[in-house]
Amino acid sequence: MKKQQSVLMNVRTNYPRFSVTERKIADYILKNPNKIIHSSINQLAEDLDVADSTVFRFCKRIGYKGYQAMKIALASEVVSPIKDIHENVDEGDSFDTIASKVFRANIETLEDTLQIVDEEQLQLAVDTIVSSKSVHVFGSGGSSIIALDAYHKLVRTGVNVHTVTDTHFQLMAASQLTEQDCAVLISHSGSSKDILHILNVVKKNNVKTIAITNFAKSTLSAAVHVPLYTSSKETDFRSEALSSRIAQLTLIDVLYVNILLKKGEEGQAALKKMREAILVKRI
């Protein structure tokens with residue numbers, strides 16, 4: 001049902017699962033796509049000081065029949081690329097043009113993230129949240145806004161969910177969690193000191209952990225029980241962390257809907273109680 005992934009996206013998608021040698025090949029492809037399409041398997045293997053068979057197995061690993069098939073697919077991306085919808089904003093662009101570029105960039109971020117969604121990990125995240133005594137969502141800086149959105153969504157389902165924005169309060173809350181609880185840690189880079197400090201605290205208490213982070217291998221994604229990934233690209237007019245916000249919010253929406261469905265009548269009852277409670281806020 002999903003569109004065929006590009007070679008570069010395929011490499012990025014599988015990167016967290018690669019061995020050290022496979023990452024060596026992956027890094028080379030990502031940095032030198034134009035060079036790859038003009039190189040033989042022997043040349044590539046020699047440049048990387050690996051065996052031809054290692055390169056061949058790598059190509060098979062990411063879904064191609066061999067090196068030649070991978071190179072042909074890569075050439076179609078590099079030589080005749082589809083117009084980059086993450087195009088930069090130019091000084092003379094009109095408001096309409098800028099709006100179009102920003103919207104298209106967000107659409108691409110969502111499409112790229114959809115390609116790397118791992119259904120098993122997503123299901124595990126849903127099961128973990130539903131079965132936990134309490135769920136605490138942690139985010140620092142811009143990610144704290146995403147954490148608040150997660151709270152806003154999950155509280156509707158009847159999940160015992162909590163979040164705080166102050167980093168000292170976060171550490172205090174983390175210290176009280178147990179193996180019956182779940183910590184959802186949000187960090188685009190996966191290397192935020194604040195979030196990693198919280199991770200260290202909850203791990204000591206055997207707390208179940210879920211991360212929402214970028215697809216690249218990071219300290220956070222490697223250490224949690226359930227990593228959920230977003231995919232975004234950086235441009236001159238905005239950082240990839242800003243772009244990933246759209247994908248993070250959407251992942252939370254996906255979790256919310258699945259949790260509500262899993263909880264069935266109990267979830268619907270919680271949603272009804274919430275709606276009745278906030279009716280007084282409407283004219």
Side-chain angles (χ1 to χ4, degrees), residues 16 109 113 121-122 124-230 232 234 238-256 259 270 273-274 277-278 281:
T109 294
T113 298
Q121 292 293 86
L122 195 62
L124 183 55
V126 170
D127 292 342
T128 300
I129 290 172
V130 172
S131 64
S132 295
K133 182 179 179 180
S134 70
V135 177
H136 289 248
V137 190
F138 300 98
S140 178
S143 294
S144 66
I145 307 302
I146 310 301
L148 284 171
D149 182 75
Y151 171 82
H152 178 247
K153 297 288 171 41
L154 295 180
V155 74
R156 298 162 178 259
T157 69
V159 167
N160 182 18
V161 61
H162 308 270
T163 192
V164 289
T165 56
D166 182 88
T167 54
H168 285 79
F169 287 169
Q170 288 179 345
L171 286 169
M172 291 166 63
S175 71
Q176 300 304 306
L177 301 185
T178 72
E179 59 186 11
Q180 295 180 307
D181 303 312
C182 170
V184 180
L185 303 120
I186 304 172
S187 170
H188 169 73
S189 68
S191 58
S192 163
K193 287 184 178 180
D194 288 333
I195 292 300
L196 294 180
H197 286 160
I198 292 169
L199 175 64
N200 290 334
V201 170
V202 298
K203 285 184 69 175
K204 290 178 182 177
N205 296 336
N206 297 316
V207 178
K208 297 181 286 290
T209 52
I210 299 170
I212 297 178
T213 186
N214 195 39
F215 59 73
K217 194 71 171 177
S218 65
T219 304
L220 178 63
S221 63
V224 298
H225 295 106
V226 187
L228 300 177
Y229 296 105
T230 60
S232 58
E234 186 170 1
R238 65 184 199 170
S239 70
E240 56 181 323
L242 180 60
S243 177
S244 71
R245 182 189 72 247
I246 303 298
Q248 290 171 342
L249 291 170
T250 305
L251 265 182
I252 289 167
D253 286 350
V254 172
L255 289 172
Y256 162 69
I259 288 168
K273 287 167 63 177
M274 182 277 301
I278 63 175
K281 295 294 186 179

* To do: Could you list the residues that satisfy side-chain contact (heavy atoms from CB on, under 4.5 Å) with T167, not counting sequence neighbours?
  => S140, Q170, D194
Considering non-hydrogen atoms only, spot the tightest contact between [X] and [Y] and give its length.
| X | Y | result |
| --- | --- | --- |
| K153 | D253 | NZ-OD1, 2.7 Å |
| S187 | Q248 | C-NE2, 4.5 Å |
| P16 | Y229 | CB-OH, 3.9 Å |
| T213 | S218 | OG1-OG, 4.3 Å |
| A247 | T109 | CB-CG2, 3.9 Å |
| A174 | N205 | O-ND2, 3.6 Å |

Separation between [atom1] of [X] and [atom2] of [Y], rounded to the nearest 0.5 Å:
| X | Y | atom1 | atom2 | answer |
| --- | --- | --- | --- | --- |
| I129 | L154 | CD1 | CG | 5.5 Å |
| K208 | T128 | NZ | OG1 | 7.0 Å |
| S192 | I198 | OG | CD1 | 8.0 Å |
| Q176 | D181 | CD | CG | 10.5 Å |
| L177 | T209 | CG | OG1 | 11.0 Å |
| N214 | L220 | CG | CG | 11.5 Å |

* Give a yes or no on whether the backbone of L196 and the side-chain of N200 come within a donor-acceptor separation of less than 3.5 Å. => yes
* To do: Look only at the side chain of S144 and the backbone of G139, and say whether a donor-acceptor pair between them is shorter than 3.5 Å.
  => no
* To do: Please indicate whether Y151 has more than 12 foreign heavy atoms, meaning atoms of other residues, nucleotides or ligands, lying under 6.0 Å from its OH.
  => no
Show me the side-chain donor-acceptor pairs of residues 159-166 shorter than 3.5 Å, one per line, residues at least two apart or across chains.
residue	atom	partner	partner atom	Å
N160	OD1	H162	NE2	2.9
N160	ND2	K133	O	3.3
T163	OG1	V137	O	2.8
D166	OD2	H168	N	2.9
D166	OD2	F169	N	3.1

* To do: Check V226, V224, L185, I252 against I212 for a side chain to side chain contact (heavy atoms under 4.5 Å, CB included) and give me the one that passes.
  => I252
